[in-house]
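Notes to accompany the following structure.
Remember, it's a predicted structure, so these values are computed and weren't measured experimentally.
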Amino acid sequence: MLLDSSDTVVPADESVIAGLDHWRSLEARQQPTWPDAEAAREASAELASMPPLVFAGEVDELREKLAAAAEGRAFLLQGGDCAETFAEATADKIRNRVKTVLQMAVVLTYGASVPVIKMGRMAGQFAKPRSSDTETRGGMTLPAYRGDMVNGYEFTEESRTADPRRLVRGYHTAASTLNLMRAFTQGGFADLRQVHSWNRGFSANPANQRYEGLAREIDRAIKFMEAAGADFDELKRVDFYASHEALLMDYERPMTRIDSRTGTPYDTSGHFVWIGERTRQIEGAHVDFLSRVRNPLGVKLGPATTPDDMFRLIDKLDPDREPGRLTFITRMGAGKIRDALPPLLEAIRKHGATPLWVTDPMHGNGLTTPTGYKTRRFDDVVDEVKGFFEAHRDAGTIPGGIHVELTGDDVTECLGGSEHIEEATLATHYESLCDPRLNHMQSLELAFLVAEELGAR
Ligand code: PEP
Ligand code: CO
């Protein structure tokens, strides 16, 4: 996609470029106020001169895979931090997260016998929408933390002031994260013959033992195929895609480039980007801007979504009804999904559109403990996943993926699971700066459960 002397270069139409900036005349919610406008312009210009993080060819390939998932011929597994941080973009943390997604994918593939599309909420998940612009602690009010690409988490005036240099640092951190993701998944680490070694260092636990059992079965199957002379190149490398919420216009716009083959724009900040529940207004800047890029897009749908909202989003973001273009990520809450999802599925079945349906069983299930910890109950997460599969079974539509906040580490942020994390234990390893994540073991447990549901799909 980058210019190559042998390529035919298709220049962008002037109207395409003008279209990419149309959002500037619309309301863009959840944007930081940069105190220094000149510094923000400089950061944007610098980003615009940087190489793309992903390539158009990869993005197109992903769109085709998502189309298969929408038809039930594949399944999307999307997972990672609520908010990545610069400090935690270390080799160990990235490896553990990739490893957890790979392990979940093994469980799902084995259980469902369909290809699993692996995607990280990684290499760009540095900006967060917030319910309030400010935060007050002990009588002091400061701007809310909006993610490392905007300001610092530390509760001081200096740290909480939005700094556009962070956009550029975000780009570089995304680049090194993506580099490591690619190295791990293309360089032998993801070889299926390593299924056992991915489990090293984790305590004996029912989910882990179950995983070990499955790894043994896979080993046997691989040995059998090896003995029969099968070629294993396909098992050695894994495609692992990068995704994040496209929230900050001052990052997404300069990262958007015109593909030299086709003259069309791609947001090269990630393979897949999604629009959050708080920025999906049909007349808003985010929907308009993203309607103009070729990437496969996600939109979060909360429990108040009406069929009309949904159809307007389809018409704007996927007017050609292109397979794989549009993914609806529902985040209804365990108590609401059985009421809120069926009317949408019923309406869409009549209408004939076929977006990919993915469940996010995290964002509708938040609660705060009396001691002030933001948490989620593992049982609620599981219940929402079950409600998602039930609703699709009843409607005759296809449950095509799962979107989770997880970490590869042994944190104590969500309640329950087979390690029985309780309120009193939350404080021991609570590391998230934003929403609580499933830990390694809870993630594996969830994968086994989803595999069962998929087997019955
Ligand atoms: C998120 O995915 O971290 C998020 C903020 O989700 P939502 O837009 O669904 O609230
Ligand atoms: Co979150």
Side-chain angles (χ1 to χ4, degrees), residues 22-23 26-30 66 69-71 76 78 129-132 245-247 272-293 295-366 376 380-381 383-404 435:
H22 181 61
W23 65 269
L26 306 172
E27 184 194 6
R29 295 207 186 155
Q30 296 284 344
L66 295 173
E71 288 177 6
L76 173 65
Q78 191 176 13
R130 302 317 301 250
S131 42
S132 166
E245 178 174 349
L247 182 70
F272 176 98
V273 285
W274 74 86
I275 308 175
E277 166 77 352
R278 282 168 257 203
T279 49
R280 62 169 173 76
Q281 302 74 33
I282 197 77
E283 304 294 345
H286 292 82
V287 169
D288 185 85
F289 175 68
L290 290 160
S291 73
R292 298 166 193 270
V293 301
N295 306 56
L297 302 175
V299 184
K300 293 283 198 95
L301 299 181
T305 313
T306 64
D308 189 51
D309 296 336
M310 178 179 73
F311 290 130
R312 276 151 46 102
L313 285 165
I314 294 175
D315 285 342
K316 177 89 185 168
L317 296 172
D318 184 22
D320 302 328
R321 310 291 191 265
E322 187 184 15
R325 161 71 170 174
L326 185 60
T327 297
F328 283 136
I329 307 168
T330 62
R331 30 87 87 223
M332 306 292 188
K336 295 187 178 152
I337 187 160
R338 289 172 181 83
D339 296 321
L341 187 54
L344 298 181
L345 299 182
E346 204 45 52
I348 209 149
R349 211 168 43 84
K350 290 201 187 110
H351 180 272
T354 50
L356 168 60
W357 289 97
V358 168
T359 176
D360 163 359
M362 316 297 295
H363 287 92
N365 294 311
R376 292 160 173 154
D380 292 340
V381 170
D383 192 34
E384 176 150 4
V385 169
K386 288 190 168 161
F388 175 75
F389 278 93
E390 275 166 38
H392 283 281
R393 266 197 294 271
D394 291 348
T397 44
I398 292 166
I402 179 159
H403 177 119
V404 278
D435 291 337

Report yes if the side chains of [X] and [Y] come closer than 4.5 Å at any heavy-atom pair, otherwise no.
X: L345; Y: H392; answer: yes
X: L76; Y: I402; answer: no
X: E245; Y: P129; answer: yes
X: L26; Y: E283; answer: no
X: I275; Y: L317; answer: yes
X: R292; Y: H22; answer: yes
X: L290; Y: V299; answer: no
X: H403; Y: R331; answer: no

Separation of [Y] [atom2] from [X] [atom1] (nearest 0.5 Å):
X: R312; Y: I282; atom1: CZ; atom2: CD1; value: 5.5 Å
X: H286; Y: E27; atom1: NE2; atom2: CD; value: 10.0 Å
X: T327; Y: K300; atom1: OG1; atom2: NZ; value: 12.5 Å

Self-check item: R338 side-chain N/O to E390 backbone N/O, donor-acceptor pair under 3.5 Å
Solution: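 No, the answer is negative, given that no donor and acceptor are paired below the 3.5 Å cut-off.
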
Quiz item: When you measure from the side chain of Q30 to the backbone N and O of R130, does any donor-acceptor pair fall under 3.5 Å?
Solution: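 Pair found, side chain donor or acceptor close to backbone of R130.
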
Determine the minimum heavy-atom distance between [X] and [Y], stating which atoms define it.
X: L341; Y: A391; value: CD2-CB, 3.9 Å
X: A340; Y: P303; value: CB-O, 3.8 Å
X: I314; Y: A353; value: CD1-CB, 4.0 Å
X: N365; Y: P361; value: ND2-O, 2.8 Å
X: G324; Y: P296; value: O-CB, 3.5 Å

Exercise. Apply side chain to side chain contact (heavy atoms under 4.5 Å, CB included) to E277 and H363, showing your working.
Key: CA-CA 10 Å; E277 166 77 352; H363 287 92; over 6 Å; no

Quiz item: What is the ring orientation for F272 with W274, classed by angle as parallel under 30°, tilted 30 to 60°, or perpendicular over 60°?
Solution: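 Tilted: the ring planes of F272 and W274 meet at 30° to 60°.
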
Practice problem: Please work out which of the three classes, parallel, tilted or perpendicular, describes the rings of W23 and F289, given edges at 30° and 60°. | Solution: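 Correct class here is perpendicular.
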
Exercise. Start with the C-alpha gap between W357 and T330, add the side-chain angles, then the distance that decides, and say whether side chain to side chain contact (heavy atoms under 4.5 Å, CB included) holds.
Key: CA-CA 8 Å; W357 289 97; T330 62; 3.7 Å; yes

Practice problem: For E322, check side-chain hydrogen bond (donor to acceptor under 3.5 Å, both in side chains) against everything at least two apart and list the hits. | Solution: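 E322 satisfies side-chain hydrogen bond (donor to acceptor under 3.5 Å, both in side chains) with R294 once adjacent residues are dropped.
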
Is [X] salt-bridged to [Y], cutoff N-O under 4.0 Å?
X: E346; Y: R349; result: yes
X: E384; Y: K386; result: no
X: R321; Y: D315; result: yes
X: R376; Y: D380; result: no

Quiz item: Considering the options L301, D318, L326, which one meets the side-chain contact (heavy atoms from CB on, under 4.5 Å) requirement together with L313?
Solution: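 Result: among L301, D318, L326, L301 is the only option passing the side-chain contact (heavy atoms from CB on, under 4.5 Å) with L313.
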
Self-check item: Identified side-chain contact (heavy atoms from CB on, under 4.5 Å) partner of F388 from the options T359, D360, D383
Solution: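 Running side-chain contact (heavy atoms from CB on, under 4.5 Å) over T359, D360, D383 with F388 returns exactly one hit, T359.
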
Quiz item: Between M332 and D339, is a side chain to side chain contact (heavy atoms under 4.5 Å, CB included) present by the stated rule, with each step listed?
Solution: CA-CA 9 Å; M332 306 292 188; D339 296 321; over 6 Å; no

Quiz item: Does the salt bridge (Lys or Arg N to Asp or Glu O under 4.0 Å) test come out yes or no for R325 and D320, once each step is laid out?
Solution: CA-CA 9 Å; R325 161 71 170 174; D320 302 328; over 6 Å; no

Exercise. Go through the steps for V273 and L297 under the test side chain to side chain contact (heavy atoms under 4.5 Å, CB included), then give the verdict.
Key: CA-CA 5 Å; V273 285; L297 302 175; 3.9 Å; yes

Quiz item: Any side-chain donor-acceptor pair under 3.5 Å between D309 and T306?
Solution: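 Looking only at side-chain atoms, T306 and D309 do form a donor-acceptor pair, the distance falling under 3.5 Å.
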
Practice problem: Check side chain to side chain contact (heavy atoms under 4.5 Å, CB included) between A347 and all other residues, then give those that pass, not counting sequence neighbours. | Solution: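 For A347 the side chain to side chain contact (heavy atoms under 4.5 Å, CB included) partners, ignoring immediate neighbours, are P307, M310, F311.
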
